[in-house]
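By convention in this document, chain letters (A, B, ...) are assigned in the order of the sequence lines, proteins followed by strands, and residues within each chain are numbered from 1. Just so it is clear, the model here is predicted, and its values are computed rather than measured.
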Amino acid sequence: MTILTRRSFGALIGASAATLAAPSLLRANTTGRLVIIGGGFGGASAARFARITYPEVEVTLIEPYPTFITCPYGNLILGGKRELPQITHSYDGLRARGVTVLQDRAADIDPVAKSVRLASGADVGYDKLIVSPGIGLRWGAIEGYDEAAAQIFPHAWMGGDGSQITLLRQQLEALPEGGVVGLAIPGNPFRCPPGPYERISMIAHYLKQANPTAKILAFDAKEGFSKQGLFQDTWAELYGDMIEWVPGNQDGKIVRVDVENKLFISEFGEEHRVDVGNVIAPQFAAAIARDTGLADESGWVPVNSRTFEANAAADIHVIGDANIAAPLPKSGYIANSTSKTAVAAALAEMTGQPAPSDPVYFNTCYSHGGADYGFSVVGVFRPTDEGFAETPDSGGISPRGPLSELAENRRLEASYADAWYDSITRDMFS
Amino acid sequence: MTRISLIAAALGASLLAAPAFAEQPTPLIAQGCAGCHGQSGEGQGAVARIAGYDRDAFLAIWQEFRDNSRPATIMNRIAPGYTDEEVQILADYFASIQ
Ligand SMILES: Cc1cc2nc3c(=O)[nH]c(=O)nc-3n(C[C@H](O)[C@H](O)[C@H](O)COP(=O)(O)OP(=O)(O)OC[C@H]3O[C@@H](n4cnc5c(N)ncnc54)[C@H](O)[C@@H]3O)c2cc1C
């Protein structure tokens with residue numbers, strides 16, 4: 001990291017720099033200020049871990065929503081297996097641990113003055129900053145798909161205030177008999193690689209009972225996807241011919257939507273009429289990571305693979321979906337796992353300790369295919385000099401095979417998935 | 001390796017002015033287990049408690065997961081991802097907590 005890149009970062013956002021207070025003195029070995037932007041999988045995990053492991057460090061969490069609604073298990077709302085309150089989490093547990101929770105939005109970052117400007121106008125100084133704001137949707141990347149269109153064709157790909165997942169659920173309940181549910185699925189990279197296919201499964205699980213002649217048309221910009229074999233086995237076993245998946249090389253890429261006429265329009269001009277449209281739009285890092293110049297031209301933030309410090313600025317560590325860390329998936333578990341290394345690296349530096357040099361980044365994504373029907377993918381990752389790599393001969397997906405042989409395995413994995421959800425949300429909020 | 005993985009723990013300890021407040025610091029390498037087995041390995045729902053696991057039994061069962069000689073849905077994919085040194089740290093840590 002050169003001074004030049006730090007300067008250019010400063011210049012990009014420089015407007016507020018002059019008006020901000022001078023950087024505070026570093027209080028090495030006594031205390032320091034850790035500020036965290038975003039109270040989701042990365043940010044809440046970081047806040048809780050920091051309070052437990054470094055009790056003398058002041059921790060401030062900036063998050064605009066009063067509660068956090070998880071994307072994980074949101075698909076189970078569509079499947080009729082969960083209600084919104086069951087995936088809504090309070091920040092009171094973090095407050096009780098001494099985290100200062102500011103219900104506000106980070107509007108700007110000044111890496112020179114080391115301060116975060118809030119939407120309300122106040123400035124919050126930091127010694128170390130963790131940024132975990134998640135994703136933004138590329139409005140307009142699919143022609144006609146903007147914030148207004150999302151009120152008709154929901155994306156339901158960010159928790160927010162819960163209105164998107166609620167809208168999609170209501171639309172499924174109101175689907176005419178034998179109606180068509182369309183999904184538009186983006187190319188890589190995007191949040192939660194198996195997520196769209198778990199969603200297809202959970203919608204099918206609901207429709208099989210409520211509207212068995214309905215159809216699901218899943219249009220994909222890609223030719224293949226995460227846990228593909230497992231999902232396709234599930235669909236064939238549980239849902240007959242209800243689901244049709246259209247890959248990119250069969251004109252599956254949706255390039256335009258017409259919400260008035262409820263149309264999905266493909267790359268080669270095919271018009272598909274849908275009764276319910278779920279547009280999982282192309283993504284990039286959330287605005288705060290792009291507007292401040294932390295992200296590069298890809299729209300995602302390049303980081304150091306051992307510390308998660310942004311290439312563009314010192315003392316700012318970017319974790320979760322907003323960074324570029326392939327082959328690490330953009331998952332909640334990875335955001336949680338990497339948050340701890342980022343905090344340890346950030347605070348070790350503050351107190352003059354060496355950063356952890358052999359971290360392991362851990363991922364499991366469970367998916368629900370139907371009732372008592374779960375499977376998973378595991379990845380154990382490590383930093384390399386070039387970036388990140390999966391540990392050889394480890395990880396991978398659940399076994400494939402006929403349901404008659406694997407029913408017990410699928411049942412167990414569904415119950416372990418529930419345990420995962422409870423355990424990881426406790427690791428964030430309790 | 002051991003020393004570095006335990007830095008978080010050591011640093012936590014040196015900062016602890018008020019130990020009554022703090023929970024036992026966890027080596028970073030064991031943090032990945034918390035997403036299923038609970039923050040201190042206390043177990044969660046259908047996933048077993050591993051806090052207080054006998055050290056030798058832990059090493060034995062890890063080997064069985066590694067070479068797939070024990071029925072498992074997922075630990076047989078997790079276990080091969082860790083080095084022998086890391087498994088020793090995990091065994092020591094989970095054996096040490098109540
Ligand atoms: C349908 C679906 C299912 C999924 N299932 C799984 C699963 O089973 N397992 C799994 O591991 N992952 C799953 N995921 C992925 C998981 O949700 C994400 O990978 C995870 O949320 C990423 O964490 P994050 O901290 O980067 O972002 P988030 O968890 O989204 O948190 C970001 C937070 O930052 C806040 N924020 C944004 N901008 C600002 C700002 N300027 N100032 C302050 N705060 C801000 C947001 O309000 C939000 O609360 C799923 C995702 C989807 C969509």
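- Annotation: side chain to side chain contact (heavy atoms under 4.5 Å, CB included) contacts of B:Ala46 (sequence neighbours excluded): A:Ser415, A:Tyr416.
- Rounding to the nearest 0.5 Å places OH of A:Tyr366 at 5.0 Å from SG of B:Cys36.
- Summarising the geometry, atom CD belonging to B:Glu42 is positioned 7.0 Å from atom OG belonging to A:Ser423; distances are rounded to the nearest 0.5 Å.
- Within residues 393-409 of chain A, the residues having any heavy atom closer than 4.5 Å to a heavy atom of chain B are A:Asp393, A:Ser394, A:Gly395, A:Gly396, A:Ile397, A:Ser398, A:Asn409, listed by residue number.
- Contact count against chain A (heavy-atom pairs under 4.5 Å) is highest for B:Gly35 among B:Ala34, B:Gly35, B:Gly45, B:Gly32.
- Highest contact tally toward chain B, considering only A:Ile424, A:Asp422, A:Thr341, is held by A:Asp422 [criterion: heavy-atom pairs under 4.5 Å].
- Interface remark: A:Val360 contributes side-chain atoms only to the contact with chain B (heavy atom separation under 4.5 Å).
- A distance of 12.0 Å separates CD of B:Gln31 from OG1 of A:Thr338, quoted to the nearest 0.5 Å.
- B:Gly81 approaches A:Thr391 most closely through the heavy-atom pair O-CG2, 3.6 Å.
- Between A:Arg426 and B:Gln44, the side chains place a donor N or O and an acceptor N or O closer than 3.5 Å (distance only, hydrogens not considered).
- When all heavy atoms of B:Ile78 and A:Val380 are compared, the pair lying nearest together is O-CG2, 4.4 Å.
- Checking side-chain atoms of B:Thr73 against main-chain N and O of A:Glu413 turns up no donor-acceptor pair under 3.5 Å.
- Ion pairing of B:Arg77 with A:Glu390 is absent here, as no side-chain N (NZ or NE/NH1/NH2) approaches a carboxylate O to less than 4.0 Å.
- For a residue to count as touching a neighbouring chain, one of its non-hydrogen atoms must lie under 4.5 Å from one of that chain's; by this rule A:Thr425 does not touch chain B.
- Considering all non-hydrogen atoms of both residues, A:Arg382 and B:Tyr82 come closest at NH2-CA, 3.8 Å.
- Put simply, the side chain of A:Trp420 does not reach to within 4.5 Å of the side chain of B:Ile74, judged on heavy atoms.
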